Structures are given as structure tokens and as C-alpha cells.
Amino acid sequence: MKKITLRQHLLNRFRSNWKKGNHSFVNSQIIQDVMHPITGKKHETIGRELRLLAEEGLLQKEVMKQKGSKVASVYYKYIPTEHEQVSMFMGGK
């Protein structure tokens, strides 16, 4: 049985949520909090992998401030492949 990597966990989660219609940005801290118990990886390791995925163009990264907040946070959003977009448009899953 092949062990699933952190990268695969993250992309699978983003892809799954995207297919369910969740096309919004997600706070990096929330992603780390959710993925830590699933993968057993440290928050810093998950954050590093998110940054790498963004650098590779698989995720979109934005630094945003929430209303009333004085501190900006990093948010990530899945960038579907052209094939995934066509498949979703044509009604595929």
C-alpha cells in the first residue's frame, strides 16, 4: 500500500471541495489546523507545502484582511486544471 504524501492530501482536499462547489479562498491557519491531525505533519510543514503549491501555480495565494482585523492573513484557493474545468462544465464529477 502506497503512502499518500502531504502534497496529495492537500490537493485531494482542495480538489474535492472545488468539485462540491466551494471555489472560495481558505485561511492558511484553518487549512493547517484541519490537516495536522489527518497527516500528523507540523503546521509549519503544511504551510511550506501550501507555499510551494502556490509557487507551482496549483493554488492561488492572497494576503487579505478580514473586516475589523488589524492583521492580514494568507488565504489559498484551488486552481483547477483546464481538463477539470471542462469536465465540471460538461456535468462530470
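Keep in mind that this is a model prediction, so the values were computed, not measured.
- In summary, the side chains of Q29 and Y75 do not present any donor paired with an acceptor at a separation below 3.5 Å, with no hydrogens or angles considered.
- Minimum interatomic distance between I46 and K41 (heavy atoms only, all atoms of both residues): CD1-O, 3.7 Å.
- For the 3.5 Å distance criterion, the side chains of H23 and N17 fail to qualify, holding no donor opposite an acceptor.
- Counting side-chain heavy-atom gaps under 4.5 Å among Ile, Leu, Val, Met, Phe, Trp and Tyr, I4 is found in no cluster with other residues.
- Atom-to-atom distance recorded for E44:CD and R48:CZ is 8.5 Å, nearest 0.5 angstrom.
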Please report, to 0.1 Å, the donor-acceptor pairs under 3.5 Å made by any side chain of residues 51-60, with sequence neighbours excluded.
from, atom 1, to, atom 2, distance (Å)
R51, NH1, G47, O, 3.4
E56, OE1, R7, NH1, 2.8
E56, OE1, R7, NH2, 3.4
E56, OE2, R7, NH2, 3.0
Q60, NE2, E62, OE2, 3.4

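- Using a 4.5 Å cut-off between side-chain heavy atoms of Ile, Leu, Val, Met, Phe, Trp and Tyr, with links allowed through other members, Y76 and I79 fall into different hydrophobic clusters.
- Within a 6.0 Å sphere centred on CZ of R13, other residues, nucleotides and ligands contribute 12 heavy atoms or fewer.
- Between atom CD1 of residue I31 and atom NE2 of residue H36 there is a gap of 15.5 Å, rounded to the nearest 0.5 Å.
- Residues F25 and V74 do not share a hydrophobic cluster, clusters being chains of Ile/Leu/Val/Met/Phe/Trp/Tyr side chains in contact below 4.5 Å.
- Side-chain contact check for E49 and T45: no donor-acceptor pair (N or O, by modelled atom type) lies under 3.5 Å.
- The main-chain N or O of W18 is never found under 3.5 Å from a side-chain atom of N22 such that the two would form a donor-acceptor pair.
- With sequence neighbours excluded, no residue forms a ring-ring contact (aromatic ring centres under 6.0 Å, His included) with H9.
- In this structure, S69 and K65 approach most closely via the heavy-atom pair O-CD, 3.8 Å.
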